[in-house]
Novice: 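This is the structure, below, for whatever I ask next.
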Amino acid sequence: GIQVEQSPPDLILQEGANSTLRCNFSDSVNNLQWFHQNPWGQLINLFYIPSGTKQNGRLSATTVATERYSLLYISSSQTTDSGVYFCAVDGNTDKLIFGTGTRLQVFP
Amino acid sequence: ETGVTQSPTHLIKTRGQQVTLRCSSQSGHNTVSWYQQALGQGPQFIFQYYREEENGRGNFPPRFSGLQFPNYSSELNVNALELDDSALYLCASSLVNEQFFGPGTRLTVL
């Protein structure tokens, strides 16, 4: 099956800093989603981005499907950005395969 | 538009018991998927239901079973609970590809 690797596993930032999270996947996909999991466990949809670039406020994402990676950019980070960020992919099996996540902590 | 809802939010059971978790899909979504998330790990796919039929299953034993109803809501049933079944159970609904998750049910097996 498809393997999904995320880096870095942990990230500690001061408020206002920028960061880049990476997701590598081992095969072609027809779905790629980025999620933010809050401390209560809710997975919040950030981007549905099997290819191309999207932006939503301080967040943006780019997926280069031919090179099998996706990047999530967080600019001007805030303490509310803290949590775990997951990348998940679907290789036309209708099931999402999740990476191990990046744990982000933003301090004031 | 109502999002994905799950009940109950928390549940404590003892080993050997049976449990039923419930999920209501987002309005207009006909596909429901269930995931198990152990502490410190990413969610793992259990199975998916599309128009009341199972449409794919992950690496989980038969004591994990499910149902989907005509209104697209769904149940996850787990028989003969084991300590390792303690986890956050997440339900997701979708219409095409993008999946939207509910808040989860946290199950503790003692």
Side-chain angles (χ1 to χ4, degrees), chain A residues 1-7 9-10 21-26 28-52 54 56 61 63 65 70 72 83-105, chain B residues 1 3-11 21 23 26 29-51 53-60 64 66 68 86-108:
Chain A
I2 296 177
Q3 305 298 313
V4 182
E5 294 182 355
Q6 290 186 243
S7 60
D10 294 282
L21 283 59
R22 187 177 179 102
C23 172
N24 292 332
F25 44 97
S26 60
S28 59
V29 298
N30 66 351
N31 178 8
L32 188 147
Q33 293 183 242
W34 282 98
F35 297 93
H36 175 210
Q37 189 165 42
N38 66 23
W40 298 271
Q42 173 85 56
L43 280 170
I44 299 163
N45 287 46
L46 298 177
F47 294 102
Y48 167 71
I49 189 166
S51 64
K54 291 185 178 181
N56 184 5
T63 297
S70 183
L72 176 69
V84 182
Y85 289 80
F86 285 105
C87 164
V89 304
D90 165 14
N92 202 29
T93 61
D94 292 327
K95 68 176 184 181
L96 284 178
I97 300 169
F98 283 76
T100 50
T102 292
R103 183 174 300 277
L104 174 64
Q105 297 178 72
Chain B
E1 182 178 280
V4 181
T5 61
Q6 292 187 242
S7 63
T9 54
H10 294 85
L11 204 50
L21 311 182
C23 170
Q26 187 166 317
H29 288 186
N30 57 16
T31 303
V32 172
S33 304
W34 287 91
Y35 295 81
Q36 180 196 65
Q37 186 177 19
L39 201 60
Q41 299 182 19
Q44 300 288 316
F45 176 76
I46 302 175
F47 44 54
Q48 182 183 86
Y49 280 83
Y50 171 67
R51 293 187 175 181
E53 298 285 332
E54 188 178 288
N55 181 43
R57 189 179 183 91
N59 189 26
F60 281 82
F64 285 78
Q68 187 179 31
S86 294
L88 179 67
Y89 288 85
L90 295 162
C91 162
S93 76
S94 57
L95 181 59
V96 183
N97 284 332
E98 188 176 6
Q99 296 192 22
F100 296 84
F101 283 79
T105 293
R106 194 166 297 278
L107 172 65
T108 302

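Letters A, B, ... mirror the listed sequences (proteins, then strands); counts begin at 1.
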Novice: For A:E5, is the CD atom crowded, meaning more than 12 foreign heavy atoms sit under 6.0 Å from it?
Specialist: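 For A:E5, atom CD is not crowded (no more than 12 foreign heavy atoms under 6.0 Å).
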
Novice: If I measure from the heavy atoms of chain A, does B:Y35 come under 4.5 Å with its side chain, its backbone, both, or neither?
Specialist: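 B:Y35 touches chain A through side-chain heavy atoms alone.
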
Novice: Do A:L96 and B:F101 come close enough that some side-chain heavy atom pair is under 4.5 Å?
Specialist: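 With C-beta onward as the side chain, the pair touches.
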
Novice: When rounded to the nearest 0.5 angstrom, what distance separates CZ in B:F100 from CG in A:N45?
Specialist: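 Result: 5.0 Å between the selected atoms.
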
Novice: Whether the side chain of A:N31 engages the backbone of B:E98 through a donor-acceptor N/O pair (distance < 3.5 Å, no angle test) should be reported.
Specialist: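 Judged by distance alone, no pair lies under 3.5 Å.
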
Novice: Under the side-chain contact (heavy atoms from CB on, under 4.5 Å) rule, collect the residues that match up with B:Y89, sequence neighbours excluded.
Specialist: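 B:Y89: side-chain contact (heavy atoms from CB on, under 4.5 Å) contacts with B:L21, B:Q36, B:I46, B:F64, B:L76, B:D85, B:A87, B:L107.
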
Novice: Between A:Q37 and B:L88, is a side-chain contact (heavy atoms from CB on, under 4.5 Å) present by the stated rule, with each step listed?
Specialist: CA-CA 12 Å; A:Q37 189 165 42; B:L88 179 67; 3.9 Å; yes

Novice: When rounded to the nearest 0.5 angstrom, what distance separates CH2 in A:W40 from OG1 in B:T9?
Specialist: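 Taking CH2 in A:W40 and OG1 in B:T9, the distance rounds to 14.0 Å.
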
Novice: Return the set of residues passing ring-ring contact (aromatic ring centres under 6.0 Å, His included) with B:Y49 (not counting sequence neighbours), or none when no residue passes.
Specialist: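 So B:Y49 forms a ring-ring contact (aromatic ring centres under 6.0 Å, His included) with B:F47.
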
Novice: Out of A:F86, A:Y48, A:F35, which one racks up the most heavy-atom pairs below 4.5 Å with chain B?
Specialist: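 Sorted descending by pairs with chain B, the first entry is A:Y48.
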
Novice: Can you tell me which of B:P43, B:G42, B:G56 forms the most heavy-atom pairs within a distance under 4.5 Å of chain A?
Specialist: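 When all of B:P43, B:G42, B:G56 are compared, B:P43 has the most.
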
Novice: Is it the case that over 12 heavy atoms from other parts of the model lie below 6.0 angstrom from the CZ atom of B:R57?
Specialist: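 For B:R57, atom CZ is crowded (more than 12 foreign heavy atoms under 6.0 Å).
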
Novice: Is there a side-chain contact between B:F45 and A:I97, using heavy atoms and a 4.5 Å cut-off?
Specialist: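 A side-chain contact under 4.5 Å is absent here.
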
Novice: Hey, which of B:Q99, B:Q37, B:Q44 has the most heavy atom pairs under 4.5 Å with chain A?
Specialist: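 Sorted descending by pairs with chain A, the first entry is B:Q99.
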
